[in-house]
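In the text below, chain A, chain B and the rest are named by the order of the sequence lines, each starting its count at 1. All values below were derived from every heavy atom in this structure, side-chain atoms included, with hydrogens, water molecules and symmetry-related copies excluded.
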Amino acid sequence: MDILDNLTDPQREAVVHMDGPMLVVAGAGSGKTRVVTRRIAHLVSRGVWPNQILAMTFTNKAANEMKERVEALAGARPPWVGTFHSMCARFLRRDIDKLDDPRDGSFTIYDEDDRLSVIKSCLRDCHVAPGTVSAAAVRARISSAKCRVQDETADVVFANDDSDALDETLCHAYEKRMRELNALDFDDLLLLSVRLLASKPALRDVYHGRFRYLLVDEYQDTNRLQYLLMKLLTGPSRNVHATGDPDQSIYSWRGAEYRNILDFTTDYPDAKIVRLEQNYRSTKLILRSANELIRQNTRRLEKELFTENMTGIPIRVAAAQSDREEAQAVVGQVMELRLEGVSLREMAVFYRTNAQSRPLEDVLLSAHIPYQIVGGLRFYERKEVKDALAHLRLLVNPRDAVSLQRVVDCRATGVGRKTLAALLGQATEDGLPIMEFLADTDFPKRYRGRCGAKLAAFAAWCAELRRLPRTPVGNATAAVLEYSGLIEHYKEREDTDPLAEGRLANLNALLERANEYQEQTPEAGVDAFLEEVALVADVDYHDPDTESLALMTLHASKGLEFPYVFIVGVEEGYLPHENVAWNEDAVEEERRLLYVGITRAKQAVYLSYAATRYLWNEMQYRTPSRFVDELPTDEVEFVGRGAHRASKRRRWDAW
DNA sequence: CCTATATAGATTTTT
DNA sequence: TCTATATAGG
């Protein structure tokens, strides 16, 4: 297929663009991926080397898709296509020791959960009374301080209007601790990359020489750090290409500033702007409803998508008496579609919060309909998987005391919290990584605390752990799983603990993934595998080829498309979510969220809400979302008991 | 000081 | 429903 085949004029314009800044404002379903991949292929066909192109996405899935499609078109796989975070990790593995304030390139990447553990230990260190300060609040403060740095120097200011001295102390304690642990959080990956490029002009020149073309996907979701990073990576040639859609900005709660996309022309006044407004995905009726909904947002760039697709059928809005009835209605419709010959692969159910999957799962299970939950409790965040990974992490980073803590907690070793804290204090004092401290043959002499037989045995166990093979990954994982005793632990419990079987299965799944990874990249070590694991989202694991119904949050649905889309729980409290219902900007984001969900659909959209719902074992009365009223009444079909107007009245009756 | 058991508390979205 | 923290027993 030729690179320029089957393109509309604006699409072609974007594809053939060579040098200079360009912004592609790509509406939902307007063929953005096609344009981006073809442009890369076009660059390659015009003599640009694939490794001179750097493309940043938000998910691995988007990155992989891009790589595959470019390979199919251009016959070459561009190696520098990945998520912001994975690209930054790659930069830092190489050059983090060149920072003014250098770090070790073997750092461990901490997820949000690990971060909380660090903060909790800081709270203890700072003698904060339990229950007085929320660790999650401290984490939010740290994260937002990092994501809102002023300029390229990327100096983090922890103080703000409503912070007190304790807040600041905790933030600094966290930073100090992370350094001791040789760990970086997600924000650090971006932050330190910015700092590195900003402070080392020579290094920046090297990157500019290497990456002649820069592409940024989902530009509306970039935060301050990602924005700064993009500016720093843009060399004197200014070959920067951003794509995005302000109407699909749904991550402001994580620091994303959709202003970035609106301000692109301020940053690059000579930028070429291409607007893709023809939708190739949805029917006319779906698109018209979506347009009408998003039109209610006041702070937006005027834009009206159109399509030449069929008119289709109206969006259906169903009222249900209860969450269970709602789930049954969805599953009933799914079965009906199946009878009509629609495959489960062609349908998906979206909801606002992960917890909403439960009633659906119950009904799907009893109806024997296979389903897959995308996201939710992520595979790598499951307790037993994290425990296993903690062992692996200790092989790579001997300073990772958070992982050691997990290792201690997950199995009765005879060593507890207090002892570990004392050991860690001693190791820090000696300037030794905790694992080396324990593995030291002089350990009993060095350790000034009580050193009983149990502790000595544990130290010996740790020393042995570090001697396990690290390559190849599959074998290393197998060895660690065996040595950790985790498998044995759950096997013993299989008869008594109903959860044990599932946990064993997850451990085996982890092993399988390690083996897969080994097959794909035989030379890779445990470190590479851990990095992969730290930076994947479960959206990346959505398998569109298995015959099963996909269930996911609205956030996870972005970038996907399905012929038939169900959106459940379209109620006040969920859409907009109760936490933000009084904040006008946030409500606009919730509206965009529903817009994203609706525009995933090709053929049909089924919205539903329930009058009652069980939450925390308590029955709650619910009212339809205000967004339902914003859909064009004459182009939407209301169905179900006590349809729309009745429920609307009920809302007022309630007051 | 460690471990096992009971109870609370949590849930908005995620790289 | 599940996990992390508080409590009691050893």
(message) Using OP1 and OP2 only, check whether a side-chain N or O of A:N354 sits under 4.0 Å from B:dT11.
(response) no

(message) I need the CZ-P distance between A:F458 and B:dC1, as an integer number of Å.
(response) 16 Å

(request) When you get a sec, tell me which of B:dC1, B:dT15, B:dT12 is the closest nucleotide to the side chain of A:T419? (result) B:dC1

(request) Can you tell me the distance, in whole Å, between the OH atom of A:Y227 and the P atom of B:dT15? (result) 25 Å

(request) Could you work out the separation of B:dT12 and C:dT5 based on their C1' atoms and round it to a whole Å? (result) 24 Å

(request) Please tell me which of the listed nucleotides, B:dT14, B:dT12, C:dT1, lies nearest to the side chain of A:R358? (result) C:dT1

(message) Taking only side-chain N and O atoms of A:R503, does any of them lie within less than 4.0 angstrom of OP1 or OP2 on C:dT3?
(response) yes

(message) Please identify which of these residues, A:R393, A:R406, A:R177, meets the salt bridge (charged side-chain N to carboxylate O under 4.0 Å, His left out) condition with A:D114.
(response) A:R393

(message) For A:R94, I'd like to know if atom CZ has over 12 heavy atoms of other residues, nucleotides or ligands within 6.0 Å.
(response) no

(request) Determine if A:H577 stacks with B:dT12; use a centre-to-centre distance below 5.5 Å and an interplanar angle below 30° as the criteria. (result) yes

(request) For residues A:F437 and A:F443, establish whether the separation of their ring centroids is below 6.0 Å. (result) yes

(request) Counting heavy atoms from C-beta on, name the nucleotide in B:dT12, B:dT11, B:dT14 closest to the side chain of A:N579. (result) B:dT12

Identify each atom pair where a protein N or O and an N or O of nucleotides 4-10 of chain C are less than 3.5 Å apart, giving names and distance.
| unit_1 | atom_1 | unit_2 | atom_2 | d |
| --- | --- | --- | --- | --- |
| C:dT5 | OP1 | A:K120 | NZ | 3.0 |

(request) Supply the atom-to-atom distance A:M230 CE to A:F84 CZ, rounded to the nearest 0.5 angstrom. (result) 8.0 Å

(request) Answer yes or no as to whether B:dT13 has its base stacked against A:W253, where stacking requires a ring-centre separation under 5.5 angstrom and planes under 30 degrees apart. (result) yes

(request) Check every atom of B:dC2, B:dT12, C:dT3 against the side chain of A:K418 and return the nucleotide holding the closest atom. (result) B:dC2

(message) Once rounded to the nearest 0.5 Å, what's the spacing between atom CG of A:L190 and atom CZ of A:R224?
(response) 13.5 Å

(message) If I take atom CD in residue A:E381 and atom C1' in nucleotide B:dT11, what distance separates them, rounded to the nearest angstrom?
(response) 14 Å

(request) Assign A:E578 to base, sugar-phosphate, or nothing according to its heavy-atom contacts below 4.0 angstrom with the strands shown. (result) nothing

(request) Could you pull out all residues at least two apart from A:C171 that satisfy side chain to side chain contact (heavy atoms under 4.5 Å, CB included)? (result) A:R141, A:I142, A:F158

(message) Checking side-chain polar atoms at under 3.5 Å, does A:E326 have a donor or acceptor matched by the opposite partner on A:Q328?
(response) no

(request) Please report, rounded to the nearest Å, how far the P atom of B:dT12 is from the NZ atom of A:K558. (result) 21 Å

(request) Write down the distance between CD (A:E589) and P (B:dT13), rounded to a whole number of angstrom. (result) 14 Å

(message) Please classify the nucleic acid contact of A:F186 as base, sugar-phosphate, or nothing, using heavy-atom distances under 4.0 Å.
(response) base

(message) If I take atom CD1 in residue A:I373 and atom P in nucleotide B:dT14, what distance separates them, rounded to the nearest angstrom?
(response) 12 Å

(request) By nearest nucleotide on DNA chain B, pick out whichever of A:Y251 and A:G416 is the more 5' one. (result) A:G416

(message) With rounding to the closest Å, how many angstrom separate the C1' atoms on B:dT13 and C:dA4?
(response) 23 Å

(message) Output the rounded distance in Å from CG (A:L184) to P (B:dT15).
(response) 18 Å

(message) Strictly below 4.0 Å: does A:T553 bring a side-chain N or O up to OP1 or OP2 of B:dT14?
(response) yes

(message) What's the separation between atom CG in A:L392 and atom OG in A:S484, rounded to the nearest 0.5 Å?
(response) 9.0 Å

(request) Let me know the distance between OH of A:Y351 and C1' of B:dT13, rounded to the nearest Å. (result) 12 Å

